[in-house]
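Heads up: the structure comes next, in structure tokens.
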Amino acid sequence: MTPQTPGPARTTGAPLPSGAAHSPGSAQPPGSTRIHDIGYRHYDGPRLGRSYARRSLYTQSLRGAFGLGRSAKSKVLPMILTGIMCLVAAITVAVALAVPGSTELPMEYTRFAIVMQALIGLFLAAQAPQSVSRDLRFKTVPLYFSRPIERSDYVLAKFAAMASALFVLTGAPLVILYAGALLAKFDVADQTKGFAQAVVSVALLSLLFGGIGLVLAAFTPRRGFGVAAVIAAMTITYGAVTTVQAIAFESGSPGAVEWLGLFSPATLVDGVQTAFLGATSAFPGGQGPGAGVGAVYLAVLLALVAGSYAVLMRRYRKVGL
Amino acid sequence: MARATSVDPVTVIATESLSKRFPRVTALDRLSLDIGPGVTGLVGANGAGKSTLIKILLGLSPATEGTAAVLGLDVATRGAEIRERVGYMPEHDCLPPDVSATEFVVHMARMSGLPPTAARERTADTLRHVGLYEERYRPIGGYSTGMKQRVKLAQALVHDPRLVLLDEPTNGLDPVGRDDMLGLIRRIHTEFGISVLVTSHLLGELERTCDHVVVIDGGALLRSSSTRDFTRTTTTLAVEVTDSDAHPDGTAALRGALLAAGVRPHEGEEQGLPGAGHILLLEATGEETYDLVRDTVAELGLGLVRMEQRRHHIAEVFRPGTPDAEARTMEVQTP
């Protein structure tokens with residue numbers, strides 16, 4: 001404490017009993033100079049414990065991913081990205097409504113997230129480091145672990161919050177598409193099926209992307225590196241995989257195309273939804289994996305999600321108290 | 001209020017031959033402690049095992065052998081309950097710069113299990129008690145070291161724990177800030193009724209603040225006793241006088257006169273402190289010593305700048321000639 005911020009009684013003249021002003025070592029004069037006022041009050045209310053703390057951390061992290069409860073500046077990017085996602089969906093609906101005689105949306109529900117994968121990657125690159133790198137960099141983590149919550153609570157809350165944020169980001173446009181389709185009086189059963197399949201797909205995507213993003217961010221306490229690492233893992237691998245796929249397809253080895261898709265998060269999701277969720281593959285020539293290879297895709301995806309959780313748990317064992 | 005424990009003379013922290021061994025280091029070596037309510041200092045050089053002990057007490061690190069209980073709860077099995085009732089202030093920085101003290105402490109209160117409304121109320125109260133006012137709405141990044149220490153203390157107190165563990169709370173503070181923090185630590189017990197375990201490598205400041213001091217070295221207990229035991233055996237009197245025309249060196253003149261009267265001042269203590277050469281230290285055997293000094297100074301016609309009681313130093317637990325040379329070199333402050 002610098003001289004500019006002396007003890008309570010001296011700065012404000014507040015009638016606080018100022019133990020700080022007593023000369024150290026001198027016995028406390030019993031009751032002689034004490035001014036009785038709002039002294040310390042004990043807390044007798046409920047203590048809601050571990051699960052409440054975990055929920056609170058989840059809520060705070062989820063809100064934080066959209067800049068809520070944070071500075072105005074940190075709202076800009078997530079809000080713009082969410083806005084663009086919804087705007088694209090709205091335009092798609094507008095096109096469907098404007099074209100006379102159309103019987104379905106100009107884009108499959110399942111295709112939407114794949115088309116927008118760069119934006120999703122950008123959102124993740126900005127928000128995953130915000131969510132975990134800060135606590136590591138400023139060494140706030142020990143404060144959590146000195147409280148009732150455990151390592152697994154922290155990791156679960158952060159993981160769930162990141163995945164939920166991505167689910168909101170990718171799910172909201174789907175809702176707009178679905179609402180638009182119903183408004184255009186397209187076949188309800190058809191639309192509902194496509195919408196439901198896409199919701200499952202983006203749920204898987206959210207878990208996968210969220211896990212990878214958090215792992216990368218948790219190993220890069222410097223925020224800038226975290227952002228770069230996430231962009232590299234998401235967007236650059238996607239670019240590389242699709243390019244090599246195109247070359248493989250052109251050079252007449254279409255068999256390689258379906259295996260190459262395993263090597264980037266977005267194409268992995270594309271493979272899974274092509275095999276199991278009725279999507280049309282975005283791979284060159286529509287060469288998506290069938291059920292057999294699709295099972296490999298699904299296994300890899302689930303292994304990556306589980307692996308992300310395991311790696312995060314390991315990571316936080318090191319940085320505890 | 002189930003708060004009887006902070007008043008009754010019960011054990012707040014108890015350890016029984018607690019050991020913690022890492023592959024290459026023994027951090028704690030059969031440490032047995034029995035710490036009651038009040039302010040307890042935990043002294044030791046860096047690496048003496050203080051932080052390891054705190055980790056074990058919070059139930060975050062299993063002991064290699066031995067047992068420990070905090071507030072009567074076994075650290076091995078009831079860590080979560082302990083952490084709900086205990087506050088912890090780490091030694092290092094732990095504050096994000098981009099949020100305000102209020103937002104941060106509210107969040108930490110909720111992490112301790114306080115419902116939203118209670119978290120807000122307790123945060124406002126606690127920040128006021130640690131001495132943060134208008135600035136609590138500004139981002140922490142702009143705070144001075146002293147203000148940051150207060151925020152760290154506030155997050156440890158916000159859930160109204162029954163015990164707080166403070167790890168080197170005066171680190172990095174200037175002398176004024178140090179005194180303020182020590183006063184605050186004293187108040188945590190005297191006014192808030194919360195027991196305190198405070199670590200430091202500075203013996204002097206714990207002497208002033210604590211009821212009880214535990215000294216550990218190399219993970220083993222060196223000494224555990226109340227600060228009065230440490231310091232009460234004799235009273236040392238410090239006397240400082242002015243020089244006069246008749247006595248150009250007033251200190252020397254007084255020393256001579258006192259020797260003649262049969263009182264032998266200490267030689268060569270307090271070396272290296274500013275003005276040490278002008279302060280006479282002597283043993284006060286009773287009222288008559290004070291009278292003698294007063295009369296002698298008056299007879300010599302010197303001005304009496306000060307005459308104060310100076311308690312013996314905790315540093316003296318590290319007696320010369322014992323193998324605790326490392327510990328004896330720890331920084332020592334005068335009261």
*Would you say A:Tyr52's side chain and B:Met111's backbone share a donor-acceptor pair under 3.5 angstrom?*
no

*Would you give the length of the straight line joining atom CZ of B:Arg122 to atom NE2 of A:His42, rounded to the nearest 0.5 angstrom?*
8.5 Å

*asked:* Evaluate A:Leu57 against B:Arg110 for side-chain contact (heavy atoms from CB on, under 4.5 Å), listing each step before the verdict.
replied: CA-CA 8 Å; A:Leu57 182 59; B:Arg110 297 184 63 170; over 6 Å; no

*Dump the intermediate steps for side-chain contact (heavy atoms from CB on, under 4.5 Å) on B:Phe104 and A:Leu143, then the final yes or no.*
CA-CA 11 Å; B:Phe104 181 72; A:Leu143 295 188; 3.5 Å; yes

*Identify which part of B:Leu57 has an atom lying under 4.5 Å from any heavy atom of chain A, answering side chain, backbone, both or neither.*
neither

*Of all of A:Arg55, A:Arg134, A:Arg70, which one pairs up most often with chain B through heavy atoms under 4.5 Å apart?*
A:Arg134

*Should A:Tyr144 and B:Met108 be marked as a side-chain contact (heavy atoms from CB on, under 4.5 Å) after you check the CA-CA gap, both sets of side-chain angles, and the distance that decides it?*
CA-CA 8 Å; A:Tyr144 287 101; B:Met108 283 300 147; 3.8 Å; yes

*Under 4.5 Å from any heavy atom of chain A - which part of B:Pro139*: neither

_Counting only heavy atoms from other residues, nucleotides and ligands, does the tally under 6.0 Å from CZ of A:Phe225 exceed 12?_
no

*Can you tell which part of B:Glu81 gets under 4.5 Å to a heavy atom of chain A, answering side chain, backbone, both or neither?*
neither

*Do we see a donor-acceptor contact under 3.5 Å between the side chains of B:Asp160 and A:Tyr40?*
yes

*Leading residue by heavy atom contact count with chain A [cutoff under 4.5 Å; candidates B:Ala80, B:Pro115, B:Pro96]*: B:Pro115

*Rounded distance (nearest 0.5 Å) linking atom OG of B:Ser112 with atom CD1 of A:Ile149*: 9.5 Å

*Straight-line distance of A:Ser146 OG to B:Ile54 CD1, nearest 0.5 Å*: 10.5 Å

*Looking at B:Leu132, B:Leu114, B:Ile185, B:Val99, which makes the most heavy-atom pairs under 4.5 Å with chain A?*
B:Leu114

*Tell me, which pairs form a salt bridge (charged side-chain N to carboxylate O under 4.0 Å, His left out) where one or both residues lie in residues 138-156 of chain A, sequence neighbours left out?*
A:Arg50-A:Asp153, A:Arg54-A:Asp153, A:Glu150-B:Arg83

*Side chain, backbone, both or neither: which part of B:Asp93 has a heavy atom under 4.5 Å from chain A?*
backbone

*asked:* Is it the case that over 12 heavy atoms from other parts of the model lie below 6.0 angstrom from the CZ atom of A:Arg315?
replied: yes

_With rounding to the nearest 0.5 angstrom, report the CZ to CG distance, A:Phe138 to B:Asp98._
6.5 Å

*Search all heavy atoms of A:Arg47 against all heavy atoms of B:His159 and return the closest pair with its distance.*
NH1-O, 2.7 Å

*Which region of A:Ser56, side chain (C-beta onward) or backbone (N, CA, C, O), has a non-hydrogen atom less than 4.5 Å from a non-hydrogen atom of chain B, or is it both or neither?*
both

